[in-house]
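Worksheet: one structure, shown below.
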Amino acid sequence: MKVNEFDLSKVLKFHPAMGKILLGSDRMLIFRQDAFAHLRNLLYSQLGETMARALLTQFGYRCGAGDHESMSTRYSWDTELDQLAAGPVMHTWEGIVHVEPTKIDFDRKAGRFHMTVLWRHSYEAEVHVREFGLSTGPVCHSLAGYASGWSSAFFGAPLIAIEHACAGMGAPECRVEIQSPDAWGPEATPWKESLAATSYSIARELEEKLMTIERQKAAISALSAPIIKVWDGVLALPLVGVMDSTRAARVTEALLEAVVQSGSRYILLDLTGIDAVDTATANHFVKIIRAVSLLGARLIITGIAPAVAQTVVGLGVNLDQVRTLATLKDGLKACIQQMG
(Lines give C-alpha, C1' and ligand atoms only; values in the text may rest on other atoms or scores of the structure.)
Protein backbone atom coordinates (compact mmCIF):
# COMPACT_ATOMS: atom_id res chain seq x y z
CA MET A 1 0.00 0.00 0.00
CA LYS A 2 1.22 3.50 -0.83
CA VAL A 3 0.93 6.10 1.85
CA ASN A 4 -1.01 8.49 -0.40
CA GLU A 5 -3.73 5.83 -0.67
CA PHE A 6 -4.45 5.90 3.05
CA ASP A 7 -7.81 7.49 3.93
CA LEU A 8 -8.71 7.45 7.61
CA SER A 9 -12.33 8.44 6.90
CA LYS A 10 -12.83 5.18 4.99
CA VAL A 11 -11.27 2.83 7.54
CA LEU A 12 -12.86 4.21 10.71
CA LYS A 13 -15.92 2.28 11.83
CA PHE A 14 -18.53 4.12 13.89
CA HIS A 15 -20.56 2.01 16.32
CA PRO A 16 -22.87 4.40 18.20
CA ALA A 17 -24.82 1.49 19.66
CA MET A 18 -21.66 0.47 21.54
CA GLY A 19 -20.38 4.00 22.03
CA LYS A 20 -17.22 3.19 20.08
CA ILE A 21 -15.18 4.34 17.09
CA LEU A 22 -12.84 1.63 15.84
CA LEU A 23 -9.76 1.56 13.65
CA GLY A 24 -9.60 -2.15 13.09
CA SER A 25 -9.82 -3.46 16.64
CA ASP A 26 -8.33 -0.31 18.18
CA ARG A 27 -10.70 2.09 19.88
CA MET A 28 -10.31 5.72 18.80
CA LEU A 29 -11.50 8.74 20.77
CA ILE A 30 -12.64 12.23 19.80
CA PHE A 31 -12.19 15.10 22.24
CA ARG A 32 -12.85 18.80 21.96
CA GLN A 33 -9.77 20.97 21.63
CA ASP A 34 -11.14 23.29 24.33
CA ALA A 35 -11.25 20.38 26.75
CA PHE A 36 -7.61 19.62 26.07
CA ALA A 37 -6.82 23.30 26.58
CA HIS A 38 -8.36 23.09 30.05
CA LEU A 39 -6.38 19.92 30.81
CA ARG A 40 -3.14 21.57 29.67
CA ASN A 41 -3.90 24.58 31.84
CA LEU A 42 -4.40 22.32 34.84
CA LEU A 43 -1.15 20.44 34.18
CA TYR A 44 0.85 23.65 33.96
CA SER A 45 -0.78 25.37 36.92
CA GLN A 46 -0.82 22.35 39.24
CA LEU A 47 2.38 20.54 38.30
CA GLY A 48 4.60 23.20 36.77
CA GLU A 49 6.11 23.46 33.31
CA THR A 50 8.75 20.72 33.67
CA MET A 51 6.38 18.00 34.80
CA ALA A 52 3.65 19.10 32.39
CA ARG A 53 6.11 18.84 29.50
CA ALA A 54 7.21 15.35 30.61
CA LEU A 55 3.64 14.06 30.90
CA LEU A 56 2.57 15.50 27.54
CA THR A 57 5.71 14.26 25.79
CA GLN A 58 5.32 10.73 27.11
CA PHE A 59 1.62 10.76 26.25
CA GLY A 60 2.51 11.74 22.68
CA TYR A 61 5.27 9.11 22.53
CA ARG A 62 2.81 6.37 23.50
CA CYS A 63 0.36 7.61 20.85
CA GLY A 64 3.04 7.57 18.16
CA ALA A 65 4.41 4.16 19.06
CA GLY A 66 0.89 2.74 19.32
CA ASP A 67 -0.17 4.16 15.96
CA HIS A 68 2.93 2.67 14.32
CA GLU A 69 2.23 -0.76 15.76
CA SER A 70 -1.39 -0.60 14.65
CA MET A 71 -0.66 0.68 11.13
CA SER A 72 2.24 -1.74 10.57
CA THR A 73 0.22 -4.82 11.50
CA ARG A 74 -2.88 -3.69 9.61
CA TYR A 75 -1.28 -2.62 6.31
CA SER A 76 1.42 -3.93 4.04
CA TRP A 77 3.35 -0.91 2.82
CA ASP A 78 4.98 -0.85 -0.60
CA THR A 79 8.22 0.68 0.70
CA GLU A 80 9.87 1.63 3.99
CA LEU A 81 9.38 5.26 3.03
CA ASP A 82 5.63 4.65 2.80
CA GLN A 83 5.72 3.02 6.23
CA LEU A 84 7.67 5.91 7.75
CA ALA A 85 5.53 8.55 6.08
CA ALA A 86 2.36 6.91 7.40
CA GLY A 87 3.10 8.53 10.77
CA PRO A 88 2.95 12.11 9.50
CA VAL A 89 -0.07 11.21 7.38
CA MET A 90 -1.84 9.69 10.39
CA HIS A 91 -1.06 12.78 12.49
CA THR A 92 -2.53 14.95 9.74
CA TRP A 93 -5.68 12.84 9.38
CA GLU A 94 -6.24 12.89 13.13
CA GLY A 95 -6.50 16.68 13.05
CA ILE A 96 -3.43 17.10 15.26
CA VAL A 97 -1.25 19.05 12.84
CA HIS A 98 -0.48 19.28 9.12
CA VAL A 99 2.85 17.52 8.60
CA GLU A 100 5.17 18.13 5.66
CA PRO A 101 8.38 16.04 5.62
CA THR A 102 11.25 18.05 4.11
CA LYS A 103 14.10 15.56 4.48
CA ILE A 104 14.27 11.80 5.06
CA ASP A 105 17.60 10.00 5.29
CA PHE A 106 18.13 6.75 7.16
CA ASP A 107 20.33 3.67 7.06
CA ARG A 108 19.42 0.89 9.45
CA LYS A 109 22.74 -0.95 9.13
CA ALA A 110 24.74 2.20 9.79
CA GLY A 111 22.36 3.25 12.55
CA ARG A 112 21.81 6.61 10.87
CA PHE A 113 18.51 8.47 10.91
CA HIS A 114 17.88 12.07 10.01
CA MET A 115 14.49 13.57 9.24
CA THR A 116 13.17 17.11 9.16
CA VAL A 117 9.52 18.17 8.95
CA LEU A 118 7.35 21.26 9.00
CA TRP A 119 4.31 21.37 11.25
CA ARG A 120 1.53 23.76 10.30
CA HIS A 121 -1.60 24.55 12.32
CA SER A 122 -0.44 22.69 15.41
CA TYR A 123 -3.39 22.31 17.76
CA GLU A 124 -0.98 22.27 20.69
CA ALA A 125 0.57 25.60 19.73
CA GLU A 126 -2.90 27.11 19.27
CA VAL A 127 -3.99 25.89 22.70
CA HIS A 128 -0.86 27.11 24.45
CA VAL A 129 -1.02 30.59 22.94
CA ARG A 130 -4.71 30.86 23.82
CA GLU A 131 -4.15 29.78 27.41
CA PHE A 132 -0.77 31.34 28.20
CA GLY A 133 0.18 33.68 25.36
CA LEU A 134 3.38 33.41 23.32
CA SER A 135 6.01 31.20 24.89
CA THR A 136 9.77 31.70 25.16
CA GLY A 137 10.36 28.07 24.17
CA PRO A 138 8.78 25.30 22.07
CA VAL A 139 5.40 24.09 23.34
CA CYS A 140 4.37 21.20 21.05
CA HIS A 141 5.33 18.57 23.60
CA SER A 142 2.83 15.85 22.70
CA LEU A 143 3.55 16.34 18.99
CA ALA A 144 7.29 15.97 19.54
CA GLY A 145 6.60 12.92 21.68
CA TYR A 146 4.48 11.43 18.89
CA ALA A 147 7.23 12.01 16.31
CA SER A 148 9.80 10.43 18.63
CA GLY A 149 7.53 7.45 19.36
CA TRP A 150 6.58 6.75 15.75
CA SER A 151 10.12 7.19 14.42
CA SER A 152 11.67 5.07 17.18
CA ALA A 153 9.16 2.26 16.56
CA PHE A 154 9.83 2.43 12.83
CA PHE A 155 13.63 2.52 13.16
CA GLY A 156 13.83 -0.02 15.95
CA ALA A 157 16.06 2.24 18.03
CA PRO A 158 15.57 5.35 20.16
CA LEU A 159 15.15 8.61 18.24
CA ILE A 160 14.54 12.12 19.56
CA ALA A 161 12.41 14.77 17.85
CA ILE A 162 12.97 18.39 18.84
CA GLU A 163 11.51 21.70 17.72
CA HIS A 164 13.86 24.34 16.37
CA ALA A 165 11.01 26.78 15.82
CA CYS A 166 7.46 26.75 17.19
CA ALA A 167 4.24 28.52 16.33
CA GLY A 168 3.71 28.78 20.07
CA MET A 169 6.66 31.19 20.10
CA GLY A 170 5.25 33.26 17.23
CA ALA A 171 6.94 31.44 14.33
CA PRO A 172 4.84 30.98 11.16
CA GLU A 173 5.27 27.21 11.47
CA CYS A 174 7.01 24.61 13.60
CA ARG A 175 10.33 23.22 12.36
CA VAL A 176 11.19 19.78 13.68
CA GLU A 177 14.26 17.57 13.39
CA ILE A 178 14.57 13.89 14.34
CA GLN A 179 17.86 12.13 15.06
CA SER A 180 19.36 9.49 17.35
CA PRO A 181 20.12 10.66 20.91
CA ASP A 182 23.89 10.48 20.27
CA ALA A 183 23.63 12.81 17.29
CA TRP A 184 22.20 15.61 19.41
CA GLY A 185 24.07 18.12 21.49
CA PRO A 186 22.86 19.89 24.63
CA GLU A 187 20.01 21.51 22.68
CA ALA A 188 18.07 18.24 22.96
CA THR A 189 18.40 17.98 26.75
CA PRO A 190 14.82 19.13 27.59
CA TRP A 191 13.33 16.55 25.21
CA LYS A 192 15.60 13.78 26.50
CA GLU A 193 14.72 14.59 30.09
CA SER A 194 11.00 14.60 29.30
CA LEU A 195 11.19 11.15 27.72
CA ALA A 196 13.47 9.81 30.45
CA ALA A 197 11.15 10.88 33.27
CA THR A 198 9.65 7.82 34.95
CA SER A 199 6.64 7.36 37.15
CA TYR A 200 9.04 7.27 40.09
CA SER A 201 10.73 10.56 39.20
CA ILE A 202 7.38 12.23 38.54
CA ALA A 203 6.00 10.99 41.87
CA ARG A 204 9.20 12.12 43.61
CA GLU A 205 8.89 15.60 42.14
CA LEU A 206 5.26 15.73 43.23
CA GLU A 207 6.30 14.79 46.75
CA GLU A 208 8.95 17.51 46.74
CA LYS A 209 6.39 20.06 45.56
CA LEU A 210 4.03 19.00 48.34
CA MET A 211 6.83 19.27 50.88
CA THR A 212 7.60 22.77 49.59
CA ILE A 213 3.95 23.71 49.94
CA GLU A 214 3.90 22.39 53.51
CA ARG A 215 7.03 24.39 54.36
CA GLN A 216 5.47 27.49 52.85
CA LYS A 217 2.29 26.91 54.84
CA ALA A 218 4.35 26.58 58.02
CA ALA A 219 6.17 29.81 57.21
CA ILE A 220 2.91 31.61 56.51
CA SER A 221 1.46 30.21 59.72
CA ALA A 222 4.42 31.55 61.68
CA LEU A 223 4.06 34.94 60.05
CA SER A 224 0.33 35.02 60.80
CA ALA A 225 1.06 34.75 64.55
CA PRO A 226 4.46 36.41 65.16
CA ILE A 227 4.87 36.21 68.95
CA ILE A 228 7.76 38.41 70.09
CA LYS A 229 9.40 38.57 73.51
CA VAL A 230 9.82 42.34 73.94
CA TRP A 231 10.79 42.29 77.64
CA ASP A 232 11.31 39.81 80.43
CA GLY A 233 7.83 38.51 81.17
CA VAL A 234 6.25 40.45 78.29
CA LEU A 235 5.12 39.01 74.95
CA ALA A 236 3.82 41.03 71.99
CA LEU A 237 1.49 39.68 69.33
CA PRO A 238 1.06 42.13 66.41
CA LEU A 239 -1.85 41.17 64.17
CA VAL A 240 -2.19 42.20 60.54
CA GLY A 241 -4.98 41.52 58.06
CA VAL A 242 -8.14 39.48 58.43
CA MET A 243 -8.83 37.34 61.50
CA ASP A 244 -11.00 34.37 60.57
CA SER A 245 -11.85 31.40 62.76
CA THR A 246 -8.99 29.25 61.44
CA ARG A 247 -6.40 31.94 62.00
CA ALA A 248 -7.87 32.84 65.40
CA ALA A 249 -7.55 29.22 66.54
CA ARG A 250 -3.96 29.07 65.28
CA VAL A 251 -3.08 32.40 66.96
CA THR A 252 -4.69 31.38 70.25
CA GLU A 253 -2.91 28.02 70.33
CA ALA A 254 0.47 29.58 69.55
CA LEU A 255 -0.01 32.36 72.10
CA LEU A 256 -1.06 30.06 74.94
CA GLU A 257 1.88 27.75 74.25
CA ALA A 258 4.26 30.74 74.29
CA VAL A 259 2.78 32.00 77.58
CA VAL A 260 3.29 28.61 79.26
CA GLN A 261 6.82 28.09 77.92
CA SER A 262 8.05 31.61 78.72
CA GLY A 263 6.14 32.15 81.95
CA SER A 264 5.17 35.63 80.76
CA ARG A 265 2.83 37.71 82.89
CA TYR A 266 1.81 40.28 80.29
CA ILE A 267 0.62 40.00 76.69
CA LEU A 268 0.46 42.96 74.33
CA LEU A 269 -2.11 42.31 71.62
CA ASP A 270 -1.37 44.95 69.00
CA LEU A 271 -4.15 45.67 66.50
CA THR A 272 -2.41 48.42 64.53
CA GLY A 273 -2.55 46.26 61.40
CA ILE A 274 -6.29 45.52 61.77
CA ASP A 275 -8.31 48.05 59.76
CA ALA A 276 -11.79 46.62 60.25
CA VAL A 277 -13.59 44.09 62.39
CA ASP A 278 -16.94 42.36 62.36
CA THR A 279 -18.83 40.48 65.06
CA ALA A 280 -16.91 37.25 64.44
CA THR A 281 -13.52 39.01 64.61
CA ALA A 282 -14.42 40.83 67.81
CA ASN A 283 -15.56 37.56 69.38
CA HIS A 284 -12.25 35.98 68.42
CA PHE A 285 -10.44 38.73 70.35
CA VAL A 286 -12.66 38.11 73.39
CA LYS A 287 -11.85 34.37 73.30
CA ILE A 288 -8.13 35.12 73.12
CA ILE A 289 -8.42 37.46 76.13
CA ARG A 290 -10.30 34.85 78.18
CA ALA A 291 -7.87 32.08 77.29
CA VAL A 292 -4.88 34.20 78.33
CA SER A 293 -6.51 35.20 81.64
CA LEU A 294 -7.11 31.53 82.51
CA LEU A 295 -3.33 31.08 82.48
CA GLY A 296 -2.88 33.92 84.95
CA ALA A 297 -1.48 36.39 82.43
CA ARG A 298 -2.81 39.86 81.76
CA LEU A 299 -3.58 41.07 78.27
CA ILE A 300 -3.33 44.66 77.08
CA ILE A 301 -4.70 45.73 73.71
CA THR A 302 -2.81 48.42 71.81
CA GLY A 303 -3.18 50.22 68.51
CA ILE A 304 -6.95 50.13 68.11
CA ALA A 305 -7.88 52.33 65.15
CA PRO A 306 -10.81 54.77 65.61
CA ALA A 307 -12.94 52.91 63.06
CA VAL A 308 -12.27 49.61 64.84
CA ALA A 309 -13.13 51.18 68.21
CA GLN A 310 -16.45 52.48 66.86
CA THR A 311 -17.28 49.08 65.40
CA VAL A 312 -16.49 47.27 68.67
CA VAL A 313 -18.75 49.67 70.59
CA GLY A 314 -21.49 49.38 67.97
CA LEU A 315 -21.37 45.60 68.15
CA GLY A 316 -21.77 45.74 71.92
CA VAL A 317 -18.58 43.76 72.57
CA ASN A 318 -17.60 44.11 76.23
CA LEU A 319 -13.91 44.95 76.65
CA ASP A 320 -14.34 46.79 79.96
CA GLN A 321 -12.01 44.46 81.84
CA VAL A 322 -9.22 44.84 79.27
CA ARG A 323 -6.78 47.74 79.37
CA THR A 324 -6.35 49.48 76.03
CA LEU A 325 -3.57 51.87 75.06
CA ALA A 326 -2.79 53.88 71.96
CA THR A 327 0.50 52.32 70.89
CA LEU A 328 2.63 49.26 71.44
CA LYS A 329 5.23 51.54 73.07
CA ASP A 330 2.65 52.73 75.60
CA GLY A 331 1.71 49.15 76.32
CA LEU A 332 5.31 48.13 76.99
CA LYS A 333 5.79 51.11 79.34
CA ALA A 334 2.69 50.11 81.27
CA CYS A 335 3.92 46.53 81.64
CA ILE A 336 7.34 47.67 82.93
CA GLN A 337 5.74 50.04 85.42
CA GLN A 338 3.41 47.36 86.75
CA MET A 339 6.31 44.92 87.16
CA GLY A 340 7.93 47.61 89.36
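Bear in mind that the values here come from a model prediction, so they are computed numbers and not experimental data. Note that these values count all heavy atoms, side chains included, but never hydrogens, waters or copies made by symmetry.
Between Cys140 and Glu163 the shortest heavy-atom distance is N-OE1, 3.0 Å. Residues Ala144 and Trp119 come closest through the heavy atom pair N-CH2, 3.5 Å. Between Ala334 and Leu325 the shortest heavy-atom distance is CB-CD1, 3.8 Å. Looking at every heavy atom in both residues, Trp77 comes nearest to Ser72 through NE1-CA, 4.3 Å. When all heavy atoms of Pro88 and Ala85 are compared, the closest pair comes out as CD-O, 3.1 Å. Between Pro101 and Val117 the shortest heavy-atom distance is CA-CG1, 3.6 Å.
Shown here are the salt bridge (charged side-chain N to carboxylate O under 4.0 Å, His left out) partners of Glu80, two or more places apart in sequence or in another chain: Arg108.
A donor-acceptor pair under 3.5 Å is formed between the side chain of Arg74 and the backbone N or O of Leu23. Between the Ser293 side chain and the Arg290 main chain, a donor and an acceptor come within less than 3.5 Å of each other. Without hydrogens or angle criteria, Gln58 side chain to Gly145 main chain gives no donor-acceptor distance under 3.5 Å. Judged purely by atom type and a 3.5 angstrom limit, Thr79 uses its side chain to pair as donor or acceptor with the backbone of Asp82.
Taking the six-membered ring for Trp and thresholds of 30 and 60 degrees, Trp184 and His164 have ring planes inclined between 30 and 60 degrees apart. Ring-plane geometry between Trp150 and Tyr146 is classed as parallel, the angle between the planes falling under 30 degrees on a 0 to 90 degree scale with a further cut at 60.
To the nearest 0.5 Å, the span separating NE2 on His98 from CD on Glu173 amounts to 11.0 Å. Ile288 contributes atom CD1, which lies 7.0 Å from atom CG of Leu255 (distance to the nearest 0.5 angstrom). Of the inter-residue distances, the one linking Ile96 atom CD1 with His121 atom NE2 reads 14.5 Å to the nearest 0.5 angstrom. Atoms CG and OG, from Leu195 and Ser148 in turn, are 5.5 Å apart once rounded to the nearest 0.5 Å. Within the model, atoms OG1 of Thr116 and CD of Gln179 stand 10.0 Å from one another, a figure rounded to the nearest 0.5 Å. Rounding to the nearest 0.5 Å places CG of Leu43 at 9.0 Å from CE of Met51.
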Legend entry - Test log, rule side chain to side chain contact (heavy atoms under 4.5 Å, CB included), inputs Glu124 and Leu56: CA-CA 10 Å; Glu124 200 165 8; Leu56 290 168; 4.1 Å; yes
Legend entry - Residues Phe106, Ile178; criterion side chain to side chain contact (heavy atoms under 4.5 Å, CB included); working and verdict: CA-CA 11 Å; Phe106 66 91; Ile178 309 170; over 6 Å; no
Inset, instruction - Check the pair Met71, Phe6 against side chain to side chain contact (heavy atoms under 4.5 Å, CB included), reporting the backbone distance first and the verdict last. - result: CA-CA 10 Å; Met71 298 284 282; Phe6 177 75; 3.5 Å; yes
Inset, instruction - Give the C-alpha distance, both sets of side-chain angles, the deciding distance and a yes or no for side chain to side chain contact (heavy atoms under 4.5 Å, CB included) between Trp93 and Ser9. - result: CA-CA 8 Å; Trp93 269 105; Ser9 66; 4.2 Å; yes
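Other residues, nucleotides and ligands contribute at most 12 non-hydrogen atoms within 6.0 Å of the CD atom of Glu69. Annotation: Phe59, atom CZ; neighbour count of heavy atoms from other residues, nucleotides and ligands within 6.0 Å does not exceed 12.
Using a 4.5 Å heavy-atom cutoff, the side chains of Leu12 and Met28 are in contact. Trp191 is listed as a side-chain neighbour of Pro138, based on a closest heavy-atom distance under 4.5 Å. Side-chain contact check for Lys229 versus Ser262: every heavy-atom pair is 4.5 Å or farther apart. Within the 4.5 Å cutoff, no side-chain heavy atoms of Thr302 are placed close to those of Thr327.
No side-chain N or O of Asp67 forms a donor-acceptor pair with one of Ser70 less than 3.5 Å apart. Side chains of Arg298 and Gln338: a donor-acceptor N/O pair is present below 3.5 angstrom, by distance only. Side chains of Thr272 and Asp270: a donor-acceptor N/O pair is present below 3.5 angstrom, by distance only. When only modelled atom types and interatomic distance are considered, Glu177 and His114 share a side-chain donor-acceptor pair under 3.5 Å.
Residues Lys2 and Asp78 are paired through a salt bridge, judged by an N-O separation under 4.0 Å between the basic side chain and the carboxylate. Salt-bridge check for Arg130 with Asp34: passed, with a basic side-chain N closer than 4.0 Å to an acidic carboxylate O.
Summarising the hydrophobic clusters (Ile, Leu, Val, Met, Phe, Trp, Tyr; side-chain heavy atoms under 4.5 Å, direct or chained), the residues clustered with Leu294 are none.
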